[in-house]
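When reading the values below, keep in mind they use all heavy atoms of this one structure, side chains included, and skip hydrogens, waters and symmetry mates. In what follows, chains are A, B, ... by sequence order, proteins preceding strands, each numbered from 1. What you see is a predicted model, and the numbers here were worked out from it, not measured in a lab.
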Amino acid sequence: MRYWLMKSEPDECSIDDVLLRPGRVVPWFGVRNYQARNFMRDVMKPGDGVLFYHSSCAQPGIAGIAEVASAPYADETQFDPQSPYFDAASRRESPRWILIDVRALRKTRLLSLEDLRSDPALLDMLVLKRGNRLSITPVDTNHWHHILKTLA
DNA sequence: GCCAACGTTGGC
DNA sequence: GCCAACGTTGGC
């Protein structure tokens, strides 16, 4: 079992949005970065823990707890010419973009980016590293437990 | 809106 | 394979 942090723009899909969906599940569509894709395709497994992070917003930070909820499968938006995530070079028989489903477990109080940065125990969290832009990052087990304890 | 940092693209 | 130009991310 592994742990992850997944960024979502709350204007697009907030933790509240996911909690309102059938089964509280959302396909994590739109990722167009190979490293993040490879995590979903090759490493993430159903049941893995997810820190649901709100990014590109007024109050960036961890907003909820979720879990990986499916095996990897093709991101449909890559085949949709109307979608901003359309990829004309991707073939149905060998899809380039792969996703997993994410199930929201609960909303938490906002653990802000400022909170995260000011906690010495989280100093080497990947998401806090300078210049980090990756939308899916692995989270160390000790960081995961520390954050859940902080939120409790 | 700014801009630092990083990923991708494409000419060579 | 190099690397400059360009596009994107995401905090501020």
Side-chain angles (χ1 to χ4, degrees), chain A residues 2-21 25-44 48-70 72-140 142-144 146-148 150-151:
Chain A
R2 290 185 164 87
Y3 304 101
W4 306 91
L5 182 144
M6 300 178 80
K7 295 178 189 171
S8 184
E9 300 187 14
D11 291 348
E12 300 291 325
C13 179
S14 70
I15 185 74
D16 293 306
D17 294 333
V18 185
L19 286 167
L20 287 172
R21 292 175 59 90
V25 166
V26 66
W28 208 257
F29 63 88
V31 170
R32 295 294 180 267
N33 168 281
Y34 287 105
Q35 209 177 338
R37 178 205 66 180
N38 292 349
F39 284 141
M40 292 196 283
R41 187 188 61 185
D42 305 331
V43 192
M44 299 172 86
D48 281 3
V50 172
L51 300 171
F52 196 104
Y53 182 94
H54 285 172
S55 70
S56 291
C57 58
Q59 296 283 333
I62 293 166
I65 305 298
E67 66 179 1
V68 177
S70 80
Y73 63 101
D75 180 343
E76 272 303 311
T77 63
Q78 73 195 296
F79 305 121
D80 176 4
Q82 309 307 325
S83 169
Y85 303 114
F86 179 62
D87 182 346
S90 183
R91 309 279 109 222
R92 277 217 172 259
E93 56 274 22
S94 60
R96 176 177 295 178
W97 304 110
I98 302 296
L99 54 67
I100 48 90
D101 288 344
V102 171
R103 176 181 297 110
L105 297 178
R106 63 187 174 93
K107 185 176 182 173
T108 64
R109 74 175 172 88
L110 185 81
L111 194 57
S112 71
L113 179 58
E114 194 185 351
D115 293 336
L116 297 171
R117 287 202 189 285
S118 66
D119 189 336
L122 301 177
L123 254 183
D124 51 358
M125 265 193 94
L126 284 179
V127 76
L128 304 181
K129 298 271 186 197
R130 189 176 134 93
N132 166 73
R133 299 191 322 178
L134 200 54
S135 64
I136 302 176
T137 48
V139 172
D140 287 352
N142 56 323
H143 292 153
W144 169 270
H146 182 82
I147 287 167
L148 266 84
T150 302
L151 287 169

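Between the CZ atom of R117(A) and the C1' atom of dG11(C) there is a distance of 8 Å, given to the nearest Å. One can place CZ of R32(A) at 13 Å from P of dT8(C), the figure rounded to the nearest angstrom. The interatomic distance linking L126(A) (CG) with dA5(B) (C1') rounds to 16 Å, in whole Å. Protein atom CD1 of I136(A) is 13 Å distant from nucleotide atom P of dT9(C), rounded to whole Å. Rounded to whole Å, the distance from OH on Y85(A) to P on dT9(C) is 8 Å. Rounded to whole Å, atom C1' of dG11(C) lies 7 Å from atom CG of L113(A). Across the protein-nucleic acid pair, N33(A) atom CG and dT9(C) atom C1' stand 10 Å apart, rounded to whole Å. If you measure from atom CG of D87(A) to atom P of dG7(C), you get 17 Å, rounded to the nearest angstrom.
Counting heavy atoms from C-beta outward, L5(A) and M125(A) have side chains that approach closer than 4.5 Å.
Tested against W97(A), the residues W28(A), Y85(A), F86(A), Y34(A) include a single ring pair (Phe, Tyr, Trp, His ring centres under 6.0 Å) partner, Y34(A).
Distances were taken from every side-chain heavy atom of R130(A) (C-beta onward) to each of dT8(B), dA4(B), dG7(C); the shortest belongs to dA4(B). The side chain of S55(A) lies closest to dG10(C) when the candidates are dG10(C), dC12(C), dA5(B).
Look at K7(A) and you won't find any side-chain N or O under 4.0 angstrom from OP1 or OP2 of dT9(C). Of the side-chain N and O atoms in Y53(A), none sit less than 4.0 angstrom from OP1 or OP2 of dT9(C).
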- List the steps, then state whether side chain to side chain contact (heavy atoms under 4.5 Å, CB included) holds for L51(A) with I65(A). CA-CA 5 Å; L51(A) 300 171; I65(A) 305 298; 3.8 Å; yes
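Using a distance-only test at 3.5 Å, with no hydrogens or angles considered, no donor-acceptor pair links the side chain of D140(A) to the main chain of N142(A).
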